Amino acid sequence: MGEEYRESLLKKKYYENCPGCKVEQYKAVQRGIPFRELIFTWVIVLCTALPISSLFPFLYFMIRDFNIAKTEEDIGYYAGYVGSSFMLGRALTSVPWGMVADRYGRKPVIIIGTVAVVIFNTLFGLSVNFWMAVTTRFLLGSLNGLLGPIKAYVTEIFRDEYQALGVSTVSTAWGIGLIIGPALGGFLAQPAEKYPNIFSKESFFGRFPYFLPCLCISVFALSVTVACIWLPETLHMHSGNSILSDDSDEALEAGSCEPNEKGKTVETEESGPIPKKSLLRNWPLMSSIIVYCIFSLHDMAYTEIFSLWAVSPRKFGGLSYSTKDVGEVLSVTGFGLLVFQLSLYPYVERLFGAIMVSRISGVLSIPVLASYPLIATLSGLTLALVLNCASVIKNVLSVSIITGLFLLQNRAVDQDQRGAANGIAMTLMSLFKAAGPAGGGAIFSWAQKRQNAAFLPGDNMVFFVLNVIEAIGVLMTFKPFLIER
């Protein structure tokens, strides 16, 4: 009896020196919704999502001011390259960042990502030419590798019954960021023109008309970086030799404590570490990542095309909106998305399952997108009401798809491989998202030059192509392609 008591004390000391085990102990006694962890997750994901999309409302005007486009119709072509440079940088570094997160912890990677936002998003707002804009966006994407680790983090810190809510928080904050970002860009870009009583054309913000939204996001990222100091680490990093005393080694020499995928401990023999399964051969993981990439391509192309379409002239099939008008629409959309994801999605996912929710959302997105060219024929209050409703519905459906696929990815692997798995997902997704703005901008520019075509004239072609991509994604959610672990 005394020997068992002594060993239990040694194991307690062993766990107390492991941040990940402390989190497991917290999960064991956790009651109710973990609001503190939800807030941490929310602000971190929002920090990385805001700079991705904040440029879209003013990117049209920024490219115009760089004087690199020969004609007005070519602006969308160059805008696509600026939008894609972030995703290209992230595609090249996501797997290494995931491996770092698995080796050294989620927290260091998250902090480095928020610091990158502070530095390079600020420099992007100060861009004076096309190539400076592309370079700063590329470096921002390369050093911002926190989205994969934060998805692993929420899976590890929430109990099983709250994991849908935790992952929903990631996708909701991501979706909100992709909406609030353009809203900030729309309201705050070109402040000397919008708010001449506050900002003069000779002031700093008059000379750098696109710096103010970037500055606000960077200040927010700086506050998030400071808050991350108190972020709990979830990765198990046991170091028995440094923790246990010499006489305790004998008590534990027969085995060591290692966490399994549910955060519980199992005994392993001294024969050596259990070989890890190949992630590339894990079809439940890879199939969910591939489907995720298809929908990510669609969402990124839609995000850029929506803003370009809204601000383009009526003669080209657009809405002739100002950046402020686009910001108002996206603000309403963000509020609607927030209400749905935090109140309804966890219950819908529990009722239908992650795959079915993604499938239904994809099917419903197709008629919504098909209505956009018809919306362009409206005007006044009718246009505002219909456009806001369509935008809310479209974004709610898109984020529901992504949330379901997030859940499938993290359930497909064990804890010690989640960082690398999410790194693979981020790499492939970033490649597809890099193609989204570039392809979307090119298709948008081409479509505006064929206003009198017999088949799908003008912007009808743009939304038709988006629907084709969406339909492909829906088909891939069925067996035998998509498999749940």
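Nothing here was measured: the structure is a model prediction, and the numbers come from that model.
Between the side chain of Arg359 and the backbone N or O of Thr477 there is at least one donor-acceptor pair closer than 3.5 Å. Looking only at distances, a side-chain donor or acceptor of Arg137 sits under 3.5 Å from a matching main-chain atom of Ile52. Here the side chain of Asn467 pairs a donor or acceptor atom with the backbone of Ile366 at under 3.5 angstrom. Using modelled atom types, one side-chain atom of Arg106 and one backbone atom of Ala101 make a donor-acceptor pair closer than 3.5 Å. A donor-acceptor contact shorter than 3.5 Å links the side chain of Arg314 to the backbone of Ala376. Listed for the Thr333 side chain is a donor-acceptor partner under 3.5 Å among the backbone atoms of Val329. Between the side chain of Asn388 and the backbone N or O of Ala384, at least one donor-acceptor pair lies under 3.5 Å. Panel note: side chain Arg450, backbone Phe455; a donor-acceptor pair is recorded below 3.5 Å.
Ring planes of Phe463 and Tyr372: tilted class, angle from 30 to 60°.
The shortest side-chain heavy-atom distance between Phe58 and Pro213 falls under the 4.5 Å cut-off. With contacts defined as side-chain heavy-atom distances shorter than 4.5 Å, the pair Pro108/Val100 does not qualify. Considering only heavy atoms from C-beta on, Leu397 stays 4.5 Å or farther from Glu470 through its side chain. Annotation: side chain of Ser296 is in contact with side chain of Ile402 (closest heavy-atom distance under 4.5 Å). Taking the side chain as every heavy atom from C-beta outward, Val462 and Tyr302 never approach each other to under 4.5 Å.
Val117 approaches Pro51 most closely through the heavy-atom pair CG1-CG, 4.0 Å. Shortest non-hydrogen contact noted between Phe66 and Val128 is CE2-C, 3.7 Å. In this structure, Asp459 and Pro373 approach most closely via the heavy-atom pair O-CG, 4.5 Å.
Within the model, atoms CG of Leu405 and OH of Tyr292 stand 8.5 Å from one another, a figure rounded to the nearest 0.5 Å. Taken to the nearest 0.5 Å, the CG atom of Leu364 stands 12.0 Å off from the CG atom of Leu369. In this structure, Ser361 OG and Ile401 CD1 are separated by 5.0 Å, a value rounded to the nearest 0.5 Å. Rounding to the nearest 0.5 angstrom, the gap separating the OG1 atom in Thr114 from the CG atom in Leu143 is 11.5 Å. The CG atom of Leu285 sits 9.5 Å away from atom CD1 of Ile290, with the distance rounded to the nearest 0.5 Å. How far CG of Leu374 is from CG of Asn460: 7.5 Å, rounded to the nearest 0.5 Å.
Partners of Phe208 according to the ring-ring contact (aromatic ring centres under 6.0 Å, His included) rule, which considers only residues two or more places apart in sequence or in another chain, are Phe204.
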